[in-house]
Novice: 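Pasting a structure here, questions to come.
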Protein chains: 2
Amino acid sequence: MNIGIASRASGVSSKMIRYYEATGLIPKAGRTGSGYRDYTDKDVHKLRFVRRARDLGFSVEQIGGLLRLWEDRTRASADVKRMALTHVEVLRERAQQLEEMASALIHLADHCAGDDRPDCPIIEELAAPGRGHVHHNHHHHGLDGPKRARS
Amino acid sequence: MNIGIASRASGVSSKMIRYYEATGLIPKAGRTGSGYRDYTDKDVHKLRFVRRARDLGFSVEQIGGLLRLWEDRTRASADVKRMALTHVEVLRERAQQLEEMASALIHLADHCAGDDRPDCPIIEELAAPGRGHVHHNHHHHGLDGPKRARS
DNA sequence: ATAATGTTTCCCATCATGGGAAGGTCAAGG
DNA sequence: CCTTGACCTTCCCATGATGGGAAACATTAT
């Protein structure tokens with residue numbers, strides 16, 4: 001089966017299939033006499049596995065771990081569960097950071113008239129926090145270091 | 001004021017200050033006779049503005065817009081508010097996507113014994129969705145195209 | 001004078017993904 | 001048999017925000 005068919009069957013773009021192969025996530029595909037990559041149903045199955053894990057927010061590196069677990073028939077289900085739950089925590093943390101940003105912005109926007117006058121507490125707060133018109137009881141949650149959250 | 005001082009005063013790394021200058025987000029800094037960048041308190045003020053907007057999850061490109069709004073004394077506060085609220089929606093969408101991934105994973109993990117036996121519904125579901133031991137009432141929310149959500 | 005610290009520019013790496021070029025292959029239809 | 005079009009190959013480049021590090025120069029402190 002050519003890469004295009006495997007791509008459509010798995011939902012992984014041809015580009016990404018080649019990338020996964022190049023980075024060692026999946027083994028090198030077989031080749032036809034003329035050099036085309038040749039995929040089996042089993043390969044497609046694995047690609048779909050990768051695809052779904054990506055949809056669940058796992059990094060390619062993590063998926064490498066998941067594939068190893070998948071193929072290791074002797075691993076304990078606890079190993080998989082631990083990995084899943086650790087990832088859940090990371091996802092929830094990132095979601096919460098985004099929510100906090102959204103709340104902070106909503107809070108600012110609540111105090112902005114949103115009319116055609118120029119006075120805007122949102123901008124004022126960005127320019128000089130704590131000196132503007134916005135009452136804020138919320139505290140800043142540790143985004144202060146040079147290393148900052150990826151939005 | 002040298003770049004290091006401006007960096008510590010604004011919370012923006014020297015690297016990023018140069019990057020913001022190179023990409024045109026902030027104007028080119030003045031230079032001393034020997035070629036060192038030279039910053040004023042006003043420059044630091046602007047850098048802090050950028051820093052806080054980044055903390056609120058705005059992209060550098062969006063911050064360009066915010067800076068223009070900041071410096072335009074005639075703009076309507078509605079313009080700022082609209083931008084803020086649009087961004088809030090994007091943030092909330094991303095947060096929700098992460099939450100959905102987390103829920104899906106939790107759902108799988110709930111059905112995994114997490115002991116030393118190898119049977120694991122999490123892996124099984126990744127390998128062959130809908131054919132495993134997991135009852136799922138949840139539906140898939142349109143992450144099916146080749147273009148996928150950034151985790 | 002020398003050592004230490006700061007700054008400059010330049011190149012490279014990240015992570016997952018896509019775009020596009022230049023060239024080879026294959027199948028269908030003339 | 002030959003053309004056409006769809007497909008495949010590899011290679012390079014770009015994204016966005018950030019950091020690492022080298023080589024060279026400047027400033028400051030000992």
Side-chain angles (χ1 to χ4, degrees), chain A residues 1-26 28-39 43 47 50-65 87 90 94 97-98 101 143 145-151, chain B residues 1-26 28-39 43 47 50-65 87 90 94 97 101 143-151:
Chain A
M1 177 188 342
N2 280 351
I3 197 172
I5 311 290
S7 167
R8 269 160 259 145
S10 65
V12 180
S13 72
S14 305
K15 281 274 193 190
M16 290 314 296
I17 296 177
R18 296 193 195 99
Y19 171 76
Y20 291 150
E21 179 182 320
T23 57
L25 178 67
I26 56 176
K28 294 194 182 178
R31 298 291 181 132
T32 68
S34 58
Y36 282 21
R37 285 181 182 77
D38 192 22
Y39 295 91
D43 293 329
L47 284 170
V50 172
R51 175 73 210 290
R52 275 187 286 269
R54 289 291 299 131
D55 282 349
L56 288 172
F58 287 96
S59 71
V60 170
E61 195 183 1
Q62 288 174 314
I63 294 173
H87 185 50
V90 172
R94 295 206 297 234
Q97 278 181 357
L98 293 175
M101 293 182 202
L143 283 176
K147 270 178 176 140
R148 303 204 357 285
R150 329 251 157 285
S151 66
Chain B
M1 178 189 338
N2 280 352
I3 197 173
I5 311 291
S7 167
R8 267 159 261 147
S10 65
V12 179
S13 72
S14 306
K15 282 274 192 188
M16 290 314 297
I17 295 177
R18 297 194 194 98
Y19 170 77
Y20 291 150
E21 178 182 320
T23 58
L25 178 67
I26 55 176
K28 295 195 184 177
R31 298 288 181 134
T32 66
S34 58
Y36 281 19
R37 285 178 182 78
D38 192 21
Y39 295 90
D43 293 329
L47 284 169
V50 172
R51 173 74 210 291
R52 276 186 285 270
R54 291 290 299 132
D55 283 348
L56 288 173
F58 286 97
S59 70
V60 169
E61 195 183 2
Q62 288 174 313
I63 294 172
H87 185 51
V90 172
R94 295 207 297 236
Q97 278 181 358
M101 293 181 203
L143 284 176
D144 290 339
K147 278 190 166 124
R148 304 204 356 286
R150 329 251 158 284
S151 64

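Just so it is clear: chains get the letters A, B, ... in the order the sequence lines come, proteins before strands, and each one is counted from 1.
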Novice: I'd like to check the side-chain contact (heavy atoms from CB on, under 4.5 Å) partners of Ala53(A); sequence neighbours left out, ordered by chain and number.
Specialist: Phe58(A), Ile63(A), Leu66(A), Leu126(B)

Novice: Under 4.0 Å between a side-chain N/O of Ser13(A) and OP1 or OP2 of dT17(C), yes or no?
Specialist: no

Novice: In whole Å, what is the span from the CG atom of Leu25(A) to the P atom of dC15(C)?
Specialist: 13 Å

Novice: Any heavy-atom pair between the side chains of Arg37(B) and Arg18(B) that's under 4.5 Å?
Specialist: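 The answer is yes; the side chains approach within 4.5 Å.
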
Novice: Just jot down the side-chain contact (heavy atoms from CB on, under 4.5 Å) partners of Arg8(B), sequence neighbours excluded, or say none.
Specialist: Ile5(B)

Novice: Take the C1' atoms of the five end pairs on each side of the helix from dA1(C)-dT30(D) to dG30(C)-dC1(D), get both axes, and report the angle to 10 degrees.
Specialist: 30°

Novice: Among the candidates dT8(C), dG18(C), dT18(D), find the nucleotide nearest to the side-chain atoms of Tyr20(B).
Specialist: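 Looking only at side-chain atoms, Tyr20(B) lies closest to dT18(D).
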
Novice: Could you run down nucleotides 21-30 of chain D 5' to 3' and tag each one B, S or - for protein heavy-atom contact under 4.0 Å?
Specialist: B----BS---

Novice: Counting side-chain heavy atoms from CB outward, which of dC8(D), dT17(C), dT18(D) is closest to Met16(B)?
Specialist: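 Comparing dC8(D), dT17(C), dT18(D) against the side chain of Met16(B), the answer is dT18(D).
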
Novice: Report yes if at least one side-chain N or O of Asn2(A) is closer than 4.0 Å to OP1 or OP2 of dC7(D); otherwise report no.
Specialist: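 Looking at the OP1 and OP2 atoms of dC7(D), neither is under 4.0 Å from any side-chain N or O of Asn2(A).
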
Novice: It should be established whether Arg54(A) places a side-chain nitrogen or oxygen under 4.0 Å from OP1 or OP2 of nucleotide dT17(C).
Specialist: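 Yes, such a contact exists.
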
Novice: Would you mind telling me which of dG16(D), dT9(C), dT9(D) lies closest to the side-chain atoms of Arg31(B)?
Specialist: dT9(C)

Novice: With sugar-phosphate meaning primed atoms plus P, OP1 and OP2, does Ser59(B) contact a base, only sugar-phosphate, or nothing at under 4.0 Å between heavy atoms?
Specialist: sugar-phosphate

Novice: Using a 4.0 Å heavy-atom cut-off, does Arg37(A) contact any base of the nucleic acid, only the sugar-phosphate backbone, or nothing at all?
Specialist: sugar-phosphate

